[in-house]
Amino acid sequence: MTHDLIMAEAARIQELGETAGREARDPVNQPTINNWLEAMGNTNPRFAAGSGRGEAPPSMAQVWTMYGLGGRPPADDPLHGMMNVLTDAGYTAVLGTNCEQEYVRYLRVGEQVRVTTALDSVVGPKQTAMGEGYFVTSRSTWYVGSEVVATMLFRVLKYRPKVPSVVEQSSVVEPAETFVLRPMKNRDTEFFWDGTAAGELRIQSCNGCGALRFPPGPACPDCGALDRGHVVASGRGTVFSYVVHRHPPVPGRDLPILIALVDLEEGVRMVGELVGLEPDDIKIGMPVSVDFRRIDDDLTLPVWRTS
């Protein structure tokens with residue numbers, strides 16, 4: 001399928017505009033809020049059951065309209081429709097690149113939310129480190145009745161993976177670290193990656209109330225202050241949970257990859273790779289300490305080893 005045909009299909013899907021709207025399976029409810037707060041480690045009393053406010057955290061907007069384990073996108077879903085077009089054209093791989101959410105107001109317990117989706121843009125073909133591909137952006141809008149309560153722009157790269165050349169398949173084998181999926185860097189996370197480059201594990205802190213948070217963000221979830229700083233962690237923690245990634249393949253990496261959710265001594269949790277271990281060696285609660293894997297001048301990744 002040629003570029004012209006891809007863009008013609010993109011224009012057709014864009015012209016369809018917003019989908020009719022899909023109702024959330026359940027109204028906004030306190031039990032789901034409680035589970036989300038616990039999973040995220042959010043202790044803001046504003047959203048607790050006894051606060052009397054009956055409000056949900058704004059970043060839960062997408063939670064209410066998730067498909068669930070057995071759910072499937074509707075036939076008119078524009079994002080999946082565009083994905084199918086590009087898959088048929090040979091762009092078989094996908095990589096999420098960024099997500100921008102805007103919250104108009106707090107959702108309240110008992111409200112019924114619905115979501116619509118539209119295709120915002122398709123840009124390409126672009127040559128990337130992953131291979132040639134198209135950047136596809138969808139726009140989701142959440143409503144209560146006819147009132148907009150939240151929006152989201154979600155962008156993915158749909159690409160054709162690079163095929164190693166004959167020279168690249170020769171007897172010269174490069175280390176796995178010569179190619180990695182690079183994390184997104186922005187104003188909220190720059191301090192963290194500056195820290196790893198300096199051999200420090202940094203945790204964002206609120207200069208207003210002193211609360212620590214990870215992952216970093218623009219506002220303190222405890223007091224709402226935008227004044228942020230950071231502390232340097234001890235680099236010690238314990239394994240709270242873990243997964244063994246066996247499939248799908250990850251470019252530039254050998255499988256399996258061991259990924260842990262680490263409880264830091266400072267009271268926050270952080271996801272990272274466990275190294276120097278076999279899958280059967282991992283135990284919940286085992287002590288670990290941070291190490292740093294330098295990829296190149298622009299990227300140093302934190303990894304975790306047994307203490």
Trainee: Can any side-chain N or O of E23 pair as donor or acceptor with the backbone N or O of Q112 at less than 3.5 Å?
Mentor: no

Trainee: Which atoms form the tightest heavy-atom contact between V109 and N29, and what is the distance?
Mentor: CG1-CA, 4.3 Å

Trainee: Any idea how H3 and Y134 line up, ring-wise: parallel (<30°), tilted (30 to 60°), or perpendicular (>60°)?
Mentor: parallel

Trainee: Would F135 and T128 satisfy side-chain contact (heavy atoms from CB on, under 4.5 Å), going step by step from the backbone distance to the final call?
Mentor: CA-CA 11 Å; F135 288 93; T128 75; 4.2 Å; yes

Trainee: Grab the two heavy atoms, one from N98 and one from R155, that are nearest each other, plus how far apart they are.
Mentor: ND2-NH1, 2.7 Å

Trainee: Return yes when atom CD of E147 has more than 12 non-hydrogen atoms of other residues, nucleotides or ligands closer than 6.0 Å, and no otherwise.
Mentor: yes

Trainee: Compare all side-chain heavy atoms of V239 with those of K283 and state whether any distance is below 4.5 angstrom.
Mentor: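 Not touching, per the 4.5 Å side-chain cut-off.
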
Trainee: Give the intermediate values and the outcome of side-chain contact (heavy atoms from CB on, under 4.5 Å) for residues I259 and L274.
Mentor: CA-CA 6 Å; I259 304 169; L274 281 171; over 6 Å; no

Trainee: Can you list the steps and then say if D120 with L153 is a side-chain contact (heavy atoms from CB on, under 4.5 Å)?
Mentor: CA-CA 8 Å; D120 187 80; L153 288 176; 4.1 Å; yes

Trainee: Quick check for you: to the nearest 0.5 Å, what is the distance between T97 atom OG1 and L157 atom CG?
Mentor: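 It comes to 7.0 Å.
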
Trainee: Between R213 and P221, is any pair of side-chain heavy atoms under 4.5 Å apart?
Mentor: yes

Trainee: When rounded to the nearest 0.5 angstrom, what is the spacing between CD1 in I295 and CG in L301?
Mentor: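 Atom-to-atom, I295:CD1 and L301:CG are 4.5 Å apart.
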
Trainee: When you check the side-chain N and O atoms of W142 and T65, is any donor under 3.5 Å from an acceptor?
Mentor: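 The answer is yes; a qualifying pair exists.
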
Trainee: Linking I/L/V/M/F/W/Y whenever their side-chain heavy atoms sit closer than 4.5 Å, directly or via other members, would F240 and V303 fall into one cluster?
Mentor: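 No; V303 is not reachable from F240 via cluster members.
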
Trainee: With a sphere of 6.0 Å drawn around CG of N186, does it hold more than 12 non-hydrogen atoms of other residues, nucleotides or ligands?
Mentor: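 Count over threshold, so yes.
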
Trainee: Decide, yes or no, whether a salt bridge links R160 with E132 under the criterion of side-chain N to carboxylate O below 4.0 Å.
Mentor: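 Salt bridge between R160 and E132, a charged N being under 4.0 Å from a carboxylate O: yes.
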
Trainee: Do V275 and V262 land in one hydrophobic cluster if side-chain heavy atoms of ILVMFWY residues count as linked below 4.5 Å?
Mentor: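 Unlinked, V275 and V262 end up in two clusters.
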
Trainee: What is the minimum heavy-atom distance between D76 and T19, and which atoms define it?
Mentor: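 Distance-wise, the nearest heavy atoms are O-CG2, 3.5 Å.
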
Trainee: Quiz question: by atom type and distance under 3.5 Å, do the side chains of T87 and K158 form a donor-acceptor pair?
Mentor: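 Result is yes, a qualifying pair exists.
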
Trainee: Does Y143 reach the side chain of V113, with side-chain heavy atoms less than 4.5 Å apart?
Mentor: no

Trainee: Are there more than 12 heavy atoms of other residues, nucleotides or ligands under 6.0 Å from atom NZ of K185?
Mentor: yes

Trainee: How far apart are the closest heavy atoms of C99 and M152, and which atoms are they?
Mentor: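 Closest pair (atom of C99, atom of M152, distance): SG-SD, 3.4 Å.
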
Trainee: What's the spacing between T141 OG1 and E102 CD if we round to 0.5 Å?
Mentor: 10.0 Å

Trainee: May I ask you to decide whether R12 forms a salt bridge with E15, counting only side-chain N to carboxylate O separations under 4.0 Å?
Mentor: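 Salt bridge: no.
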
Trainee: Does the distance from a Lys or Arg side-chain N to an Asp or Glu carboxylate O, for E55 and R108, drop under 4.0 Å?
Mentor: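 Here E55 does not pair with R108 in a salt bridge, since their nearest N and O are not under 4.0 Å apart.
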
Trainee: Measure from NZ or CZ of R22 to the centre of the six-membered ring of Y67, then state whether that distance is under 6.0 Å and the direction lies within 45° of the axis.
Mentor: yes

Trainee: Would you check if the side chain of T300 reaches a backbone N or O of R294 as a donor-acceptor pair within less than 3.5 Å?
Mentor: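 Side chain of T300 to backbone of R294, a donor-acceptor pair under 3.5 Å: no, none is there.
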
Trainee: Any chance you could measure L5, atom CG, to D88, atom CG, to the nearest 0.5 Å?
Mentor: 11.5 Å

Trainee: Kindly work out whether a path of hydrophobic side-chain contacts (I/L/V/M/F/W/Y, heavy atoms less than 4.5 Å apart) joins F191 to V232.
Mentor: no

Trainee: Is M66 linked to V149 within one hydrophobic cluster, defined over Ile, Leu, Val, Met, Phe, Trp and Tyr using a side-chain heavy-atom separation of less than 4.5 Å?
Mentor: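 No, it is not one cluster - the side chains of M66 and V149 are not joined through contacts under 4.5 Å.
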
Trainee: Over all heavy atoms of both residues, which pair between D188 and Q204 is shortest? Give the atoms and the distance, please.
Mentor: O-NE2, 3.9 Å

Trainee: Can you check whether S59 reaches W36 side chain to side chain, under 4.5 Å on heavy atoms?
Mentor: yes

Trainee: Report yes or no: does N84 contribute a side-chain atom to a donor-acceptor pair with the main-chain N or O of H80 at less than 3.5 Å?
Mentor: yes

Trainee: Assess, by modelled atom type and distance only, whether the side chains of N34 and Q30 contain a donor and an acceptor separated by less than 3.5 Å.
Mentor: yes

Trainee: Charged N to carboxylate O under 4.0 angstrom, E18 versus R139?
Mentor: no

Trainee: When you compare the side chain of F154 with that of S140, does any pair of heavy atoms fall below 4.5 Å?
Mentor: no

Trainee: Closest heavy-atom contact between W64 and A56?
Mentor: CZ2-CB, 4.1 Å

Trainee: Can you tell me how far CE of M82 sits from CD of Q14, rounded to the nearest 0.5 angstrom?
Mentor: 9.0 Å

Trainee: For Y106, is the NZ or CZ atom of R46 found under 6.0 angstrom from the centre of its six-membered ring and inside 45 degrees of the ring axis?
Mentor: yes

Trainee: For salt bridge (charged side-chain N to carboxylate O under 4.0 Å, His left out), just list the numbers for R202 and E190, CA-CA rounded to whole Å, side-chain angles, deciding distance to a tenth of an Å, and then say yes or no.
Mentor: CA-CA 11 Å; R202 298 176 178 178; E190 186 175 14; over 6 Å; no

Trainee: Decide whether Y91 and M7 are clustered together by the hydrophobic rule: side chain heavy atoms of Ile, Leu, Val, Met, Phe, Trp, Tyr closer than 4.5 Å, transitively.
Mentor: yes

Trainee: Would you say the side chain of R236 lies within less than 4.5 Å of the side chain of L264, judging by non-hydrogen atoms?
Mentor: no

Trainee: Distance-only, no hydrogens or angles: does the E266 side chain make a donor-acceptor pair with backbone N or O of S234 under 3.5 Å?
Mentor: yes

Trainee: Could you point out which residue of V28, N42, L107 forms a side-chain contact (heavy atoms from CB on, under 4.5 Å) with I33?
Mentor: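 Of the listed options, the one satisfying the test is V28.
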
Trainee: Using side-chain heavy atoms (C-beta onward) and a distance below 4.5 Å, is P78 in contact with S138?
Mentor: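 No. Closest side-chain heavy atoms not under 4.5 Å.
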
Trainee: Under 3.5 Å, is there a donor-acceptor pair between the side chain of T238 and the main chain of G285?
Mentor: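 No: the side chain of T238 does not pair with the backbone of G285.
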
Trainee: Among side-chain atoms of N35 and T32, is any donor-acceptor pair under 3.5 angstrom?
Mentor: no

Trainee: Would you give the length of the straight line joining atom CG of L258 to atom CZ of R246, rounded to the nearest 0.5 angstrom?
Mentor: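 Interatomic distance, L258 CG to R246 CZ, rounded to 0.5 Å: 8.5 Å.
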
Trainee: Quick one: sort the F192 and F214 rings into parallel, tilted or perpendicular, breaks at 30° and 60°.
Mentor: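 Because their plane-to-plane angle lies in the 30° to 60° range, the rings of F192 and F214 count as tilted.
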
Trainee: Do P57 and M40 come close enough that some side-chain heavy atom pair is under 4.5 Å?
Mentor: no

